Student: 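The structure follows.
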Amino acid sequence: MKISNKVSRIALAAIIIVSLSLSFIFMAVKQGYHEDELLTYNLANSSKQLGVDGEWNSPDDFNEYLTAGEHRFDYGNVYHNQVVDASHPPLYYALVHTVCSFFPGVFSRWLAFAINVVMMTGSLILLYKIGKRVTGNNLYALIGVGGYALSIACITTTIYLRMYASLTFWVLMFLYVTLRMYDRKNEIKILDCALLLVTVVAGVLTQYYFILCAGLIGLVMLIYKIKDRYIKSLIAYAAVAFAGAGIALAVYPYIITNVLGGNRGFGSLKMDIDTITIVTYFWYKVVCYIMLLAKDMFLGQGWLLGLCTGFLLAAYICMRFIKKKKLPRKAWFIIVPGAVYFIFIALVSPFNSDRYVMACLPLISLIFSYGFIKAVNFSRVGKKNKKAVLAVPACIVAASALAFIPVKPYYIYGETNLYDTKTDNCVFVGTAMMEWNKCIDKFMNYDSVMIAKTTEMSKTLYDELDEFAQSRGVITNGKVGKLAESFMTNGDVERKESDSIDKMTSDEKLRGLSEVTVYISRLADSDYVIDKITKNTDLKKYDIIQKDRQFEEFFNWYDYFVETESYCNVYRFYK
């Protein structure tokens, strides 16, 4: 069953409009930021360093830290910031910087969001084109796009102010160009080669996970080109892809050290823990990622994900081994990168976060959408009534509409009262982990903010983490603290610790205040900080303004970091 191209274009436009409208709604109600979202603005725009060792900072300092002012259209500064940060390549930050440079001195979520809107619009168009090439049916292509565009996964990717919407676009562009070149058999077109070259350069310079996605897609291409003996087009494909990677490396030669030895690379984790802890922790990671996928696409219900997966596996076994029917070749261009990438990232990612698998979620959506279409068409019902396949989009639309009732997209927060300031001035006390970075948008509401550090870590943190881990099946043998330290520093052994508590309590401005709001990081020893303030200043009384949420409220410990605004207990100290 097909529909006309005109109708399909109208339907695609409608799907994109609905998807982006949902994203705009959730972005409008977004209150608070993931710390990396605020780092997006800083690394893209500024070389400003805040006073974080017992110094006072003004709202102008925070604004300069986040916005393009003195460094408008200064791409050398953008490049330098990425070299220093040693986590990601510079292209996405250059895009953010370009948009922000047109609005000097303005900090707004809508600036980075605008880039995501453009990228996700392109991604949905590409997803349609991919679906059309894989299935040869524009109606099926629309079903695949709708299944992803109306999902929590798509909305979350769009509203998360990082490079993952851009990464998704370049991954889908690489897949689309690969399918174009596959369809041409042994013919080589200059336009295809040019598109592939640009895609590889841009993808590698956007996020390093692009290399994994492209490698898996290229592997499928390699197998089929060799099998069909289309060696000439294979050589052209591989040569252009490697040339693109070479250009990216020439533009940003720090790629190798970032991937292999940086604070996000494979060598970043130093884990002196027991083998049984590693094994059980990795099993826990896999479960967390299954739950993430259930939240993103299956109404937050793990059993529904399991049921759908089991049905598709049973249908494939029946078709392949009983009916002796093979899947179309092009299906493997979706299945291999989608499934293998998801499983691999679930095992090796530094955190159990949906952001790391965002790029493969459109492909996973296609796997389920097209899998159900294939199963329905293959069944007796589908053979007797071709319109039965329409039950698939009907279920997708219903599930998508219902998903937003029980499931809330990540990164919108909205449960804090910290924007309603209780005092004119504020003090933040944390560790070397830069926890203050997530609170900058709140600090901008105070007349001045002191940021201080302490080397006194929470005395209960490791016990909390150990209890949390054991309750979720991880056999810790009391060594979960070492695992936590490894993740908290991301292998950055150069991270400097300092203690500016004494400098803080001797500060004349602080000693002259009659009241002050104090943020104390969950990683810091609250009792130690409170004792220092009450014994060394006239601020002897305190009330809690907001108590931080606890780890045990979440199954996935990383959810704590994406669903809480501050990681702090916040107090009002007064005379």
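All values derive from a computational prediction rather than experimental measurement.
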Student: Of the non-hydrogen atoms in Ser19 and Ile155, which two are nearest, and what is the gap between them?
Tutor: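 Looking at all heavy atoms of both residues, the closest pair is O-CD1, 3.4 Å.
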Student: Flag the pair Tyr209 / Tyr164 as yes when their ring centroid distance falls below 6.0 Å, and as no otherwise.
Tutor: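 Between Tyr209 and Tyr164, the centre distance exceeds or equals 6.0 Å.
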Student: Would you please test Thr98 and Tyr75 for side chain to side chain donor-acceptor pair (under 3.5 Å) and show each step?
Tutor: CA-CA 9 Å; Thr98 300; Tyr75 298 101; 2.6 Å; yes
Student: Any donor-acceptor pair under 3.5 Å linking the side chain of Asp274 with the backbone of Ile276?
Tutor: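 It does not hold such a pair.
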Student: Which atom pairs, one a donor and one an acceptor, fall under 3.5 Å between side chains of residues 234-251 and the rest of the protein, sequence neighbours left out?
Tutor:
residue, atom, partner, partner atom, Å
Tyr237, OH, Thr178, OG1, 2.9

Student: Against Thr121, only a single residue in Asn116, Leu126, Leu20 fulfils side-chain contact (heavy atoms from CB on, under 4.5 Å); can you say which?
Tutor: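 Going through Asn116, Leu126, Leu20 one by one, the side-chain contact (heavy atoms from CB on, under 4.5 Å) with Thr121 is satisfied by Leu20 alone.
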Student: List the steps, then state whether ring pair (Phe, Tyr, Trp, His ring centres under 6.0 Å) holds for Phe372 with Phe311.
Tutor: CA-CA 9 Å; Phe372 274 99; Phe311 174 78; 5.2 Å; yes
Student: Which value, rounded to the nearest 0.5 Å, describes the distance between Ser123 atom OG and Leu172 atom CG?
Tutor: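 Nearest 0.5 Å value for the OG-CG distance: 5.0 Å.
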Student: Can you check whether Arg320's main-chain N or O pairs, donor with acceptor, with Lys326's side chain at less than 3.5 Å?
Tutor: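 Side chain of Lys326 to backbone of Arg320: no pair is present.
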Student: Quick one, Ile412 and Lys408 - any side-chain contact, counting heavy atoms below 4.5 Å?
Tutor: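 Yes. Closest side-chain heavy atoms under 4.5 Å.
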Student: Answer yes or no: is there a donor N or O on one side and an acceptor on the other, between the side chain of Asp85 and the main chain of Asn81, under 3.5 Å?
Tutor: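 A pair under 3.5 Å: no.
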Student: Quick one: pull up CG in Asp183 and NZ in Lys185 and give me the separation to the nearest 0.5 Å.
Tutor: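 Atom-to-atom, Asp183:CG and Lys185:NZ are 9.0 Å apart.
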Student: Between atom CG of Leu307 and atom CD of Gln301, what is the distance when rounded to the nearest 0.5 Å?
Tutor: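 Reported to 0.5 Å precision, the distance equals 12.0 Å.
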Student: Please answer whether the main-chain N or O of Val7 pairs with a side-chain N or O of Ser4 as donor and acceptor at a distance below 3.5 Å.
Tutor: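 At least one qualifying donor-acceptor pair exists.
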Student: Go through the steps for Ser349 and Lys285 under the test side chain to side chain contact (heavy atoms under 4.5 Å, CB included), then give the verdict.
Tutor: CA-CA 9 Å; Ser349 59; Lys285 280 174 62 65; 3.2 Å; yes
Student: Start with the C-alpha distance between Tyr79 and Tyr252, add both sets of side-chain angles, then the distance that settles ring pair (Phe, Tyr, Trp, His ring centres under 6.0 Å), and finish with yes or no.
Tutor: CA-CA 9 Å; Tyr79 190 98; Tyr252 194 70; 5.3 Å; yes
Student: Do you know which two heavy atoms are closest between Tyr370 and Ala141, and how far apart they sit?
Tutor: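 Between these two residues, the closest heavy atoms are OH-CA, 3.4 Å.
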Student: Check the side chains of Asn186 and Ser233 for a donor-acceptor pair under 3.5 angstrom, ignoring hydrogens and angles.
Tutor: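 Yes, side-chain donor-acceptor contact under 3.5 Å.
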Student: So, for Asn5 and Ser8, which heavy atoms are closest and what is the spacing to 0.1 Å?
Tutor: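 Shortest heavy-atom contact: O-OG, 2.7 Å.
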Student: Roughly how far, to the nearest 0.5 Å, is CD1 of Ile25 from CD1 of Ile159?
Tutor: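 The CD1 atom of Ile25 is 11.5 Å from CD1 of Ile159, to the nearest 0.5 Å.
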Student: Do Arg109 and Met27 have side chains that approach each other closer than 4.5 Å (heavy atoms only, starting at C-beta)?
Tutor: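 Touching, per the 4.5 Å side-chain cut-off.
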Student: Answer with yes or no after comparing the ring centroid distance for Phe351 and Phe561 against a 6.0 Å cut-off, counting only values under it.
Tutor: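 No; Phe561 has its ring centre 6.0 Å or more from that of Phe351.
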Student: Should the ring pair His88 and Tyr93 be called parallel, tilted or perpendicular, given that the plane angle runs from 0 to 90° and is split at 30 and 60?
Tutor: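 His88 vs Tyr93 ring planes: tilted.
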Student: So, for Phe113 and Phe24, is the gap between ring centers shorter than 6.0 Å?
Tutor: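 Yes, close enough.
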Student: Are the side chains of Val134 and Tyr140 in contact, using a 4.5 Å heavy-atom criterion?
Tutor: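 When only atoms from C-beta onward are counted, Val134 and Tyr140 do not touch, as no gap falls below 4.5 Å.
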Student: Using a 6.0 Å cut-off, check whether atom CD1 of Ile190 has over 12 heavy atoms from anything other than its own residue.
Tutor: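 12 or below, so no.
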Student: Are Tyr410 and Asp559 side-chain neighbours, meaning at least one heavy-atom pair lies under 4.5 Å?
Tutor: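 When only atoms from C-beta onward are counted, Asp559 and Tyr410 do touch, with a gap below 4.5 Å.
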Student: Does CH2 belonging to Trp110 count more than 12 external heavy atoms closer than 6.0 Å?
Tutor: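 Buried by this count: over 12 neighbours within 6.0 Å.
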Student: Taking the six-membered ring for Trp and the full ring for Phe, Tyr or His, determine whether the centres of His34 and Tyr160 are under 6.0 Å apart.
Tutor: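 Aromatic pair counts; centres sit under 6.0 Å.
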Student: Tell me if a side-chain donor or acceptor on Asn556 pairs with a main-chain N or O of Tyr558 at a distance below 3.5 Å.
Tutor: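 Yes; at least one donor-acceptor contact below 3.5 Å.
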Student: Determine the sole option in Val407, Asp354, Ile290 for which the side-chain contact (heavy atoms from CB on, under 4.5 Å) test with Lys295 is passed.
Tutor: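 Testing each of Val407, Asp354, Ile290 against Lys295, the sole residue satisfying side-chain contact (heavy atoms from CB on, under 4.5 Å) is Val407.
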Student: Measure from the side-chain N and O atoms of Arg162 to the backbone N and O of Asp36, and report whether any donor-acceptor pair falls under 3.5 Å.
Tutor: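 Yes; at least one donor-acceptor contact below 3.5 Å.
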Student: Quick one: does any side-chain atom of Thr280 pair with a main-chain N or O of Val474 as donor and acceptor, under 3.5 Å?
Tutor: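 No: the side chain of Thr280 does not pair with the backbone of Val474.
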Student: Specify the closest pair of heavy atoms between Phe333 and Leu175, including all atoms of both residues, with the distance to one decimal.
Tutor: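 Scanning both residues, the minimum pair turns out to be O-CD1, 3.7 Å.
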Student: For atom NZ of Lys129, decide whether the heavy atoms of other residues, nucleotides or ligands shown that lie under 6.0 angstrom number more than 12.
Tutor: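 No.
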Student: Once you round to the nearest 0.5 Å, how far does SG of Cys213 lie from CG of Leu167?
Tutor: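 Going from the SG atom of Cys213 to the CG atom of Leu167 covers 6.0 Å.
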Student: Looking only at atom types and distance, does a side-chain atom of Gln207 sit under 3.5 Å from a main-chain N or O of Gly203, one as donor and one as acceptor?
Tutor: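 No: the side chain of Gln207 does not pair with the backbone of Gly203.
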Student: Let me see the working for Thr199 and Tyr176 under side chain to side chain contact (heavy atoms under 4.5 Å, CB included), right down to the final yes or no.
Tutor: CA-CA 10 Å; Thr199 300; Tyr176 172 66; over 6 Å; no
Student: Flag the pair Tyr411 / Phe26 as yes when their ring centroid distance falls below 6.0 Å, and as no otherwise.
Tutor: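 No; Phe26 has its ring centre 6.0 Å or more from that of Tyr411.
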Student: A side-chain contact here means heavy atoms from C-beta on lying under 4.5 Å apart; do Ser151 and Asp296 qualify?
Tutor: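 Ser151 does not reach Asp296 side chain to side chain.
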Student: Ser87 and Tyr208: which non-hydrogen atoms are nearest, and at how many Å?
Tutor: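 Answer, listing the atom of Ser87 first, then Tyr208: O-CE1, 3.5 Å.
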Student: Is Arg184 salt-bridged to Asp192, going by a charged N under 4.0 Å from an acidic O?
Tutor: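 So Arg184 pairs with Asp192 through a salt bridge.
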Student: Looking at CE of Met358 and OG1 of Thr158, how far apart are the two atoms once the value is rounded to the nearest 0.5 Å?
Tutor: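 Here the rounded value is 8.5 Å.
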Student: Do Ile188 and Lys232 come within less than 4.5 Å of each other through their side chains, counting heavy atoms only?
Tutor: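 Yes; the side chains approach each other to less than 4.5 Å.
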Student: Is there a side chain to side chain contact (heavy atoms under 4.5 Å, CB included) between Phe368 and Thr309 once you walk through the steps?
Tutor: CA-CA 8 Å; Phe368 280 97; Thr309 303; 3.5 Å; yes
Student: Check this for me: Phe73, atom CZ, are more than 12 non-hydrogen atoms of other residues, nucleotides or ligands nearer than 6.0 Å?
Tutor: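 Result for CZ/Phe73: enclosed.
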Student: Have Ser369 and Tyr148 got a donor and an acceptor in their side chains that come within less than 3.5 Å?
Tutor: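 Tyr148 and Ser369 do not have a side-chain donor-acceptor pair below 3.5 Å.
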Student: Take Phe210 and Leu205, measure what side chain to side chain contact (heavy atoms under 4.5 Å, CB included) needs, and give me the verdict at the end.
Tutor: CA-CA 9 Å; Phe210 173 85; Leu205 290 177; over 6 Å; no
Student: Report yes if some heavy atom in the side chain of Ile343 is under 4.5 Å from a heavy atom in the side chain of Tyr289; otherwise report no.
Tutor: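 Counting from C-beta outward, Ile343 and Tyr289 never come under 4.5 Å.
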Student: Check whether any side-chain heavy atom of Thr206 lies under 4.5 Å from a side-chain heavy atom of Pro89, and answer yes or no.
Tutor: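 No, too far: nothing below the 4.5 Å cut-off.
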Student: Which heavy atom of Tyr284 sits nearest to which heavy atom of Trp557, and what is that distance?
Tutor: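 In this case the closest contact between Tyr284 and Trp557 is OH-N, 3.0 Å.
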Student: Does one side chain, of Lys132 or Asn138, offer a donor that lies under 3.5 Å from an acceptor on the other?
Tutor: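 There is no such pair (donor and acceptor under 3.5 Å, judged by atom type) between the side chains of Lys132 and Asn138.
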